Amino acid sequence: MANKETILGVDVSNETYDSITKQLFYNIEEKKQSFIVAVNPEKIMKASKDPQLRELINSADYQIPDGVGVLIASKLQGGSISNRITGIDLMNALIEEAEKQGKRVFLYGGKPGVAEVAAKRLKETYPNLCLAGILDGYQKDNDKIIDTINDANADLLFVAMGSPRQEEWIRANREQLNVSVFQGVGGSFDVLAGNIKRAPGIFRKFGLEWLYRLIVEPWRWKRQLALPRFLVQVITKK
């Protein structure tokens, strides 16, 4: 059973990269399904006002704290979440472990051609990785999508459609799929393919991606106000 806290009505898992990876690969061996969703302050704020979104997030097995603001909020309400787990870094950790254990990985989503380039880059980094299949996000026949993934006999499925669409798709279709691990990964295929640049490592180390984005895209300043509003709401809800 995952260790969780609740922030503004949204569940957040208290895990490390190591602990969640061990649990997920144990579940693969046990033929149990696991659904992972990343949560950050902006998403928690939206979910606190949107019961359907909140229920969707809380229906997942793991809600990873993808945002330093979530860690701060946990401390403000007396919690113990201290490990930030970003969606793309968890994806990389799972792929690294999948290579070691010979598990099969499927990439679904993104614009035509993006998943192919992402897969090529992954194979360069993890040459022994078993890529079970690739499918872009523009296929309209859902039955064909399900059949393609099932025919690939994948253990882990990474879905890149943007949130919450990717999580809605996973929840709607997981029972029809013979996959063990489902993770919505947003724009991660574009990052892996080199179409989107991540913040430099020093910014990521200290959870300051928001500052990097503000520096390179100053017009985003209004969006950055979500963090102080989020923390104020956490304090007032204590």
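Any value given below was found using the heavy atoms of this structure, including those in side chains, with hydrogens, waters and symmetry copies removed. Predicted model, so just to flag it, every value in this text is computed and none were measured.
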More than 12 non-hydrogen atoms from neighbouring residues, nucleotides or ligands closer than 6.0 Å to [atom1] on [X], yes or no?
X      : atom1 : answer
Arg174 : CZ    : yes
Lys22  : NZ    : no
Glu124 : CD    : yes

Side chain to side chain donor-acceptor pair (under 3.5 Å) evaluation trace for Ser163 with Glu167
CA-CA 6 Å; Ser163 186; Glu167 287 81 22; 2.8 Å; yes
Once you round to the nearest 0.5 Å, how far does [atom1] of [X] lie from [atom2] of [Y]?
X      : Y      : atom1 : atom2 : result
Asp89  : Arg84  : CG    : CZ    : 8.0 Å
Gln63  : Ile85  : CD    : CD1   : 11.5 Å
Phe189 : Met161 : CZ    : CE    : 9.5 Å
Ile7   : Ile81  : CD1   : CD1   : 5.0 Å
Gln183 : Met91  : CD    : CE    : 7.5 Å
Thr21  : Leu94  : OG1   : CG    : 5.0 Å

Would you say [Y] ends up clustered with [X] if hydrophobic residues are merged whenever their side chains have heavy atoms under 4.5 Å apart, either directly or through other cluster members?
X      : Y     : answer
Val159 : Ile95 : no
Leu107 : Ile36 : yes
Leu8   : Val70 : yes
Tyr126 : Leu24 : yes
Val185 : Tyr17 : yes

Do [X] and [Y] sit within salt-bridge range, that is, some charged N less than 4.0 Å from a carboxylate O?
X      : Y      : answer
Lys103 : Glu29  : yes
Lys111 : Asp136 : no
Asp151 : Lys144 : no
Glu116 : Arg121 : no

Show the numbers, then the answer: is there a side chain to side chain donor-acceptor pair (under 3.5 Å) between Glu15 and Gln23?
CA-CA 10 Å; Glu15 302 289 349; Gln23 290 177 45; 3.0 Å; yes
Partner set under side-chain contact (heavy atoms from CB on, under 4.5 Å) for Asp50, not counting sequence neighbours
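In terms of side-chain contact (heavy atoms from CB on, under 4.5 Å), with neighbours along the sequence ignored, Asp50 is linked to Gln52, Leu53.
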| request: Sequence neighbours left out, what passes side-chain contact (heavy atoms from CB on, under 4.5 Å) with Ile72? Give chain and number order. | output: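 Ile72: side-chain contact (heavy atoms from CB on, under 4.5 Å) contacts with Leu76, Leu231.
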Exercise for the section: Please report the C-alpha distance between Asn27 and Ser180 in whole Å, then the side-chain angles of each, then the deciding distance to 0.1 Å, and finally whether the side chain to side chain donor-acceptor pair (under 3.5 Å) criterion is met. Expected result: CA-CA 7 Å; Asn27 288 347; Ser180 289; over 6 Å; no
_Here's a test for you: under side chain to side chain contact (heavy atoms under 4.5 Å, CB included), which of Ile146, Thr148, Asn153 qualifies with Asn150?_
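With Asn150 as partner, side chain to side chain contact (heavy atoms under 4.5 Å, CB included) holds for just one option, Ile146.
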Name the one of Ile44, Asp11, Val10 that satisfies side chain to side chain contact (heavy atoms under 4.5 Å, CB included) with Arg54?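 Exactly one candidate clears the test, Val10.
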Would you mind reporting whether [Y] and [X] have side-chain heavy atoms less than 4.5 Å apart?
X      : Y      : value
Val114 : Asn195 : yes
Thr16  : Ile20  : no
Ser82  : Lys75  : yes
Leu156 : Phe106 : no
Val37  : Tyr62  : no

Can Leu192 and Leu122 be said to form a side chain to side chain contact (heavy atoms under 4.5 Å, CB included), step by step? CA-CA 8 Å; Leu192 293 171; Leu122 286 171; 4.2 Å; yes
Can you give me the closest heavy-atom contact between [X] and [Y], atom names plus distance?
X      : Y      : answer
Gln33  : Leu177 : NE2-O, 3.0 Å
Ala98  : Phe25  : N-CZ, 3.5 Å
Ala193 : Ala118 : CB-N, 4.0 Å
Ile57  : Ala47  : CD1-CB, 3.9 Å
Ala115 : Gly109 : CB-O, 4.0 Å
Ala152 : Arg104 : O-NH2, 2.8 Å

Does a donor on one side chain sit under 3.5 Å from an acceptor on the other, for [X] and [Y]?
X      : Y      : result
Asn142 : Asn173 : yes
Asp66  : Thr86  : no
Asn3   : Ser13  : no

- Quick one: do Lys31 and Asp155 satisfy salt bridge (Lys or Arg N to Asp or Glu O under 4.0 Å)? Show the steps, please. CA-CA 9 Å; Lys31 306 298 182 184; Asp155 298 297; 5.5 Å; no
Note to self: Apply side chain to side chain contact (heavy atoms under 4.5 Å, CB included) to residues Val12 and Thr6 and explain how you reach the verdict.
What the structure shows: CA-CA 6 Å; Val12 184; Thr6 301; over 6 Å; no
Per ring-ring contact (aromatic ring centres under 6.0 Å, His included), Trp169 is matched among Phe35, Tyr108, Phe182 by Tyr108
Determine yes or no for a side-chain-to-main-chain donor-acceptor pair under 3.5 angstrom, with [X] supplying the side chain and [Y] the backbone.
X      : Y      : result
Glu96  : Asn92  : no
Asn83  : Leu71  : no
Gln139 : Asp141 : yes
Gln166 : Gly186 : yes

- Verify side chain to side chain donor-acceptor pair (under 3.5 Å) between Ser74 and Glu5, making sure each step is shown before the conclusion. CA-CA 8 Å; Ser74 174; Glu5 296 177 14; 2.7 Å; yes
